[in-house]
Amino acid sequence: MSHWKNLRVASAVCDAAEKWGFFQIVNHDVPIEVLDNVKDATYRFFDLPADQKNKYSKENSASNNVRFGTSFSPEAEKSLEWKDYLSLFFVSEEEASMLWPPVCREQVLDYIRRTEVVIKKLLQMLMEGLNVKEIDETKRSLLMGSIRTNLNYYPICPDPELTVGVGRHSDVSTLTILLQDEIGGLYVRGNQSDGDNWIHVPPIKGSLVINVGDALQILSNSRYKSVEHRVIANGTKNRISVPIFVNPKPTDIIGPLVEVLQNGEKPIYKQVLYSDYVKHFFRKAHDGKKTVEFAEI
């Protein structure tokens, strides 16, 4: 990514988004110490006593924008995922300084700030691949109007065969930027049609894992593909990961971009209010890529 203006780099990014929906980037200009600091901060938060963490639970949190919880959608799942998380919806640095936990606030904000440059570069490449020449304010909102960061913690599981860290799903984002630790455990469904073809995403020191979300699949009229992924539980080591979900604004209407359809391509998706799409996703347990059917014509 250090040669991001090189056409071969842009071509490789678009190619990966079309064929796989998942890829890793290195030399992206986010300093290693920023990545290490946010990983350390994640451990610091989850090492807090239970009563400290519970200040941020659904029942106790001062805002819906800060949420400590366990599993994905406990009300809808038959069995819970082996994961705790802290979810931080970014509104402004002022709000973050008032509401986010002090043990991790500065490190997460720094991570978001430094990663924003990478997000813009990636979106620029991906949009040029769709014949979108300029990202104006309307498009900027559609592509990166809201940002959410999760600190994910997967404690050692006494019987990993009986559960999962995260069930199979695709993200509802435009893009997800994922920092994983050295433990591993993230699997992506391969693009072959022969059923259960799961591929491990190997941890690479200093890399960021990028994946296409459903919103970008819809905006690109399925040119770029979101892809199922899951996390397996680990019987020997604690694991953490820190995804940044880059999303449309909740009030945005998403559908295939005009530029994608201008050569007569038929739309696969209807125009959908993004907040309705997200509500549909959270109403059920993880179920692969079924959420995207909500937007199909």
Side-chain angles (χ1 to χ4, degrees), residues 30-31 33-75 80-81 83-120 140-155 166 171-181 208 213 215 238 240-252 273-279 281-283:
V30 181
E33 58 268 25
V34 171
L35 303 181
D36 286 344
N37 288 346
V38 82
K39 285 194 271 193
D40 292 345
T42 300
Y43 273 115
R44 275 203 303 279
F45 175 79
F46 289 103
D47 283 344
L48 288 173
D51 62 328
Q52 295 282 313
K53 289 182 288 198
N54 281 331
K55 285 182 191 170
Y56 304 99
S57 68
K58 187 175 179 178
E59 299 73 28
N60 301 326
S61 181
S63 165
N64 269 341
N65 295 336
V66 182
R67 177 71 53 81
F68 167 64
T70 192
S71 200
F72 164 68
S73 184
E75 302 81 15
L80 298 185
E81 296 172 342
K83 177 187 91 167
D84 290 342
Y85 66 87
L86 176 69
S87 185
L88 302 166
F89 185 82
F90 179 78
V91 174
S92 66
E93 300 221 357
E94 293 72 36
E95 182 184 281
S97 65
M98 285 191 303
L99 298 176
W100 291 11
V103 294
C104 58
R105 178 199 305 136
E106 289 311 317
Q107 294 78 11
V108 175
L109 283 172
D110 198 24
Y111 174 50
I112 290 172
R113 273 185 225 113
R114 302 304 286 257
T115 311
E116 188 180 1
V117 183
V118 185
I119 293 164
K120 285 178 176 170
R140 192 178 180 284
S141 175
L142 267 179
L143 294 168
M144 53 181 301
S146 67
I147 301 276
R148 180 183 290 280
T149 307
N150 275 16
L151 310 186
N152 293 330
Y153 177 61
Y154 304 89
V166 173
D171 295 342
V172 294
S173 56
T174 306
L175 287 179
T176 302
I177 318 296
L178 176 74
L179 173 63
Q180 57 170 347
D181 64 12
L208 292 168
N238 298 324
I240 57 162
S241 70
V242 188
I244 295 177
F245 301 103
V246 183
N247 310 305
K249 279 199 179 118
T251 52
D252 280 333
L273 181 65
Y274 185 63
S275 60
D276 285 348
Y277 190 85
V278 173
K279 278 179 202 148
F281 176 70
F282 280 104
R283 220 171 267 140

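Under the side chain to side chain contact (heavy atoms under 4.5 Å, CB included) test applied with T42, the options I240, N37, D47 reduce to a single match, I240. Just one of T174, I177, L143 meets the side chain to side chain contact (heavy atoms under 4.5 Å, CB included) condition when paired with I119; it is I177.
Using bins of under 30°, 30° to 60° and over 60° for the plane-to-plane angle, the ring pair Y153/F46 lands in the parallel bin.
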Could you go through K53 and F45, starting from their C-alpha distance and side-chain angles, then the distance that decides it, and tell me whether this counts as side-chain contact (heavy atoms from CB on, under 4.5 Å)?
CA-CA 7 Å; K53 289 182 288 198; F45 175 79; 3.8 Å; yes
Dump the intermediate steps for salt bridge (charged side-chain N to carboxylate O under 4.0 Å, His left out) on E106 and R44, then the final yes or no.
CA-CA 13 Å; E106 289 311 317; R44 275 203 303 279; over 6 Å; no
List the steps, then state whether side-chain contact (heavy atoms from CB on, under 4.5 Å) holds for I244 with Y111.
CA-CA 9 Å; I244 295 177; Y111 174 50; 3.6 Å; yes
Passes side-chain contact (heavy atoms from CB on, under 4.5 Å), S173 versus V246? Steps please.
CA-CA 6 Å; S173 56; V246 183; 5.6 Å; no
Evaluate side-chain hydrogen bond (donor to acceptor under 3.5 Å, both in side chains) for S57 paired with N60, printing each intermediate quantity in order.
CA-CA 5 Å; S57 68; N60 301 326; 3.2 Å; yes
Evaluate the side-chain contact (heavy atoms from CB on, under 4.5 Å) criterion for residues Y56 and L48: first the C-alpha distance (whole Å), next the side-chain angles of each, then the deciding distance (0.1 Å), finally the verdict.
CA-CA 12 Å; Y56 304 99; L48 288 173; 5.5 Å; no
Considering only distance and modelled atom types, tabulate donor-acceptor pairs under 3.5 Å from the side chains of residues 93-104, sequence neighbours left out.
{"residue": "E93", "atom": "OE1", "partner": "R113", "partner atom": "NH2", "Å": "3.1"}
{"residue": "E93", "atom": "OE2", "partner": "R113", "partner atom": "NE", "Å": "2.9"}
{"residue": "E94", "atom": "OE1", "partner": "S92", "partner atom": "OG", "Å": "3.4"}
{"residue": "E95", "atom": "OE2", "partner": "N65", "partner atom": "ND2", "Å": "3.1"}
{"residue": "S97", "atom": "OG", "partner": "E93", "partner atom": "O", "Å": "3.4"}
{"residue": "S97", "atom": "OG", "partner": "E94", "partner atom": "O", "Å": "2.7"}

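With rounding to the nearest 0.5 angstrom, the OG atom of S241 is 8.0 Å from the CG atom of L179. To the nearest 0.5 Å, the span separating CG on N247 from CG on L142 amounts to 12.0 Å. Atom CZ in F245 sits 5.0 Å away from atom CG in D171 (nearest 0.5 Å). Here the CE atom belonging to M144 is positioned 4.5 Å from the CD atom belonging to E116, to the nearest 0.5 angstrom.
You'll find the side chain of Y85 reaches within 4.5 Å of the side chain of R67, heavy atoms only. Between Q107 and K39 the shortest side-chain heavy-atom distance does not fall below 4.5 Å. Proximity of L178 to L208: side-chain heavy atoms (C-beta onward) are nowhere separated by under 4.5 Å. The shortest side-chain heavy-atom distance between N152 and P243 falls under the 4.5 Å cut-off.
For residues 141-151, the set of pairs meeting the side chain to side chain donor-acceptor pair (under 3.5 Å) definition, not counting sequence neighbours, comprises S87-R148, S87-N150, S141-D252.
Considering every non-hydrogen atom in both V172 and V278, the closest pair reads CG2-CG2, 4.2 Å. In plain terms, the two heavy atoms of R114 and P31 that are nearest each other are NH2-CG, 3.3 Å.
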